[in-house]
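Contents: one structure, followed by commentary.
Because only heavy atoms are used, hydrogens play no part in the values below, and waters and symmetry mates are left out as well, while side chains stay in. Values in this document were obtained by computation on a predicted structure and should not be read as measured data. Chain A is the first sequence line, chain B the second, and so forth, proteins listed ahead of strands; every chain is numbered from 1.
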Amino acid sequence: MAYWLMKSEPDEVSIDDALAAPNQTVPWFGVRNYQARNFMRDGMQVGDGVLFYHSSCPEPGIAGLAEVASAAYPDDTQFDPNSHYYDAKSKREEPRWLMVDVKAVRKTRLLSLAQLRTIPELDDMVVLQKGSRLSITPVTPAQWKTLQALLK
DNA sequence: GCCAACGTTGGC
DNA sequence: GCCAACGTTGGC
């Protein structure tokens with residue numbers, strides 16, 4: 001069992017959108033970073049815990065809890081010339097980009113980035129490191145436990 | 001809108 | 001393989 005933080009722009013897919021989706025599950029399309037892809041491909045397992053993070057919005061922070069609901073599989077948007085996520089260099093026989101399904105568990109109070117930075121136990125969280133931009137980052141069991149207590 | 005930080009591309 | 005130039009992310 002592993003834990004992850006996954007960023008989503010609420011204008012695109014918010015925790016409310018995910019909760020309203022069929023089976024509270026959304027495909028996590030649009031990841032175009034190799035490190036993040038590799039986390040999905042090599043690190044994630046069905047049932048892993050997910051912190052649903054809202055980014056690029058007025059108040060960025062953790063907005064909900066979710067879980068990994070599928071293994072990694074090809075992200076079809078890479079083959080769609082009309083998609084913002086189209087990648088002309090990716091071939092169907094050898095898809096470059098993958099996604100997983102994410103099932104929303106519940107909405108939480110918004111634990112803002114500013115608040116997260118004040119919690120000493122979370123100092124080492126990857127997402128809080130200077131210059132961190134990765135849209136998917138690992139979370140340690142200790143960090144997860146701390147956050148669960150805060151988000152009860 | 002600004003800009004720091006990081007990732008990717010491509011010439012050499 | 002180096003590295004400059006460019007593109008993107010994302011907080012502010």
In the hydrophobic cluster built from side-chain contacts under 4.5 Å, what are the other members alongside A:Phe29?
A:Tyr73, A:Tyr85, A:Met99

Which pairs, protein N/O on one side and nucleotides 9-12 of chain C N/O on the other, fall under 3.5 Å?
from   : atom 1 : to       : atom 2 : distance (Å)
C:dT9  : O3'    : A:Arg133 : O      : 3.4
C:dG10 : OP1    : A:Lys7   : NZ     : 3.0
C:dG10 : OP1    : A:Arg133 : O      : 2.5
C:dG11 : OP1    : A:Tyr53  : OH     : 3.0
C:dG11 : OP2    : A:Ser56  : N      : 2.9

So, A:Asp17 side chain and A:Ser14 main chain: donor-acceptor pair closer than 3.5 Å or not?
yes

A:Ser132 (side chain) donor-acceptor with A:Val126 (main chain) under 3.5 angstrom
yes

Excluding A:Leu110, membership of its hydrophobic cluster (Ile, Leu, Val, Met, Phe, Trp, Tyr; side-chain heavy atoms within less than 4.5 Å) reads none

Before giving the answer on ring-ring contact (aromatic ring centres under 6.0 Å, His included), spell out for A:Tyr34 and A:Trp97 the whole-Å C-alpha distance, their side-chain angles and the decisive distance to 0.1 Å.
CA-CA 8 Å; A:Tyr34 290 104; A:Trp97 304 113; 4.7 Å; yes

Without decimals, in angstroms, what is the distance between A:Trp97 CH2 and B:dT8 P?
7 Å

Heteroatom pairs (N/O) under 3.5 angstrom, protein to nucleotides 3-5 of chain C:
none

Side-chain ion pair, A:Asp87 and A:Arg96, N-O less than 4.0 Å
yes

With a 3.5 Å cut-off and no angle check, do the side chains of A:Gln78 and A:Ser90 form a donor-acceptor pair?
yes

Salt-bridge present (A:Arg37, A:Asp75; N to O < 4.0 Å):
no

Verify the distance criterion only: is there a donor paired with an acceptor across the side chains of A:Asp80 and A:Thr77 at less than 3.5 Å?
no

Between P of C:dG7 and NZ of A:Lys89, the distance in whole Å:
13 Å

What pairs of donor and acceptor atoms, side-chain ones from residues 137-145 of chain A against any protein atom, are under 3.5 angstrom apart with sequence neighbours left out?
from     : atom 1 : to       : atom 2 : distance (Å)
A:Thr140 : OG1    : A:Gln143 : N      : 3.0
A:Thr140 : OG1    : A:Gln143 : OE1    : 3.3
A:Gln143 : OE1    : A:Thr140 : N      : 2.9

Report for the helix from B:dG1-C:dC12 to B:dC12-C:dG1: angle between first-end and last-end helix axes, five pairs each, rounded to 10 degrees.
10°

